[in-house]
Amino acid sequence: MTSYIQPFTNMVRPDGVIENAQTVQQRRLSDMRGFYADAVAEEAAAASDPMIYEVYYAYVPEAVPGELGICTTTIYPGKIGAEYYMTKGHFHGKIDRAELYFGLSGSGMLVMETPDGQTNAQPMGKGTSAYVPPYWAHRTVNVGSEPFVFLACFPADAGYDYGTIAERGFGILVVERDGGPQVIANPRR
Ligand code: M6P
Ligand code: ZN
């Protein structure tokens, strides 16, 4: 017999806090050492170990095909050297799974890359709906002076492959140049 999941709603605040969240994940700089291009600036910032981003999960289902995961991400404003605070970024473990993002507040960039090295960067802000197609690794970056907050919805069986990005990074970086964000080639590639 089918056992039905009960429908539910959550209040999602503009600052990214989800009331009655199932879990909250915090990522400090110490959780993502080696991700920023400027190793000297990263080492200097490591002393205070700043909070880079937080993820509130409204729903963390088992990896059942057909189910959806729902979360917000709040990336705080800041830079390591010239590079803006950002998420680690990942391919999906099941690499052909897509994802939807919806901007709630602040301003950011969505950086994506295919396994064969095609890159793409999309600006995001309050009200932006963004589609991450199958096969594209994805990272978000806060390019503003306020927290950048967005909602994400993804297939429950997507999974996370962090290793590829941890090793190679993305082909493009988002850095501050002349007082604003600029997308540049990753010098470490
Ligand atoms: C988005 C979604 C989440 C992801 C989060 C942080 O909310 O893609 O699945 O966990 O961003 O990104 P990362 O997992 O790369 O640190
Ligand atoms: Zn994802």
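Whatever order the structure lists ligands and atoms in, that order sets their numbers, starting from 1.
Shown in contact with Cys71 at under 4.0 Å from a heavy atom are these atoms of ligand 1, numbered in order with element: 3 (C), 7 (O). Near Tyr53, meaning under 4.0 Å from one of its heavy atoms, ligand 1 places the atoms 6 (C), 13 (P), 16 (O). With ligand atoms numbered from 1 in the order given, ligand 1 contributes 9 (O) to contacts under 4.0 Å with heavy atoms of Phe154. Close approach of ligand 1 to Ala152 (heavy-atom distance below 4.0 Å) involves ligand atoms 1 (C), 2 (C), 7 (O). Shown in contact with Glu99 at under 4.0 Å from a heavy atom are these atoms of ligand 1, numbered in order with element: 2 (C), 8 (O), 9 (O). Atoms of ligand 1 lying under 4.0 Å from at least one heavy atom of Tyr57, given by number and element, are 10 (O).
There is no side-chain donor-acceptor pair under 3.5 Å between Tyr131 and Glu99. Side chains of Gln118 and Asn120: no donor on one and acceptor on the other come within 3.5 Å.
Cation-pi geometry between Arg27 and Tyr162 is satisfied (NZ or CZ under 6.0 Å from the ring centre, within 45° of the ring normal).
Salt-bridge formation is detected for the pair Arg33/Glu43: a Lys NZ or Arg NE/NH1/NH2 atom is positioned less than 4.0 Å from an Asp or Glu carboxylate oxygen.
Distance from atom 9 (O) of ligand 1 to its nearest protein heavy atom, with residue and atom name: Tyr160 OH, 2.6 Å. Of the protein's non-hydrogen atoms, Tyr162 OH, 2.4 Å is the one closest to atom 14 (O) of ligand 1. For atom 7 (O) of ligand 1, the nearest non-hydrogen atom of the protein is Thr73 OG1, 2.6 Å. The protein atom (non-hydrogen) at minimum distance from atom 12 (O) of ligand 1 is Thr87 CB, 3.7 Å. With respect to atom 4 (C) of ligand 1, the closest heavy atom belonging to the protein is His90 CE1, 3.9 Å.
For Gln22, the CD atom is densely surrounded, since the number of other residues' heavy atoms within 6.0 Å is greater than 12.
The shortest N/O to N/O separation between Thr72 and ligand 1 does not fall below 3.5 Å. Backbone and side-chain nitrogen or oxygen atoms of Gln25 are examined, and none is located within less than 3.5 angstrom of a nitrogen or oxygen of ligand 1.
To the nearest 10 degrees, the angle centred on the Zn ion (ligand 2) between NE2 in His90 and OE1 in Glu99 reads 160°.
Screening Tyr56, Tyr57, Tyr59 for a side chain to side chain contact (heavy atoms under 4.5 Å, CB included) involving Ile18 leaves a single residue, Tyr56. Of the candidates Gln122, His92, Glu113, His92 is the only one forming a side-chain hydrogen bond (donor to acceptor under 3.5 Å, both in side chains) with His138.
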Using the side-chain hydrogen bond (donor to acceptor under 3.5 Å, both in side chains) rule, take Tyr53 and Gln26 through it: C-alpha gap first, then chi angles, then the decisive distance, then the call.
CA-CA 6 Å; Tyr53 61 104; Gln26 299 187 318; over 6 Å; no
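In this structure a side-chain-to-backbone donor-acceptor pair under 3.5 Å is missing from Arg97 to Pro155.
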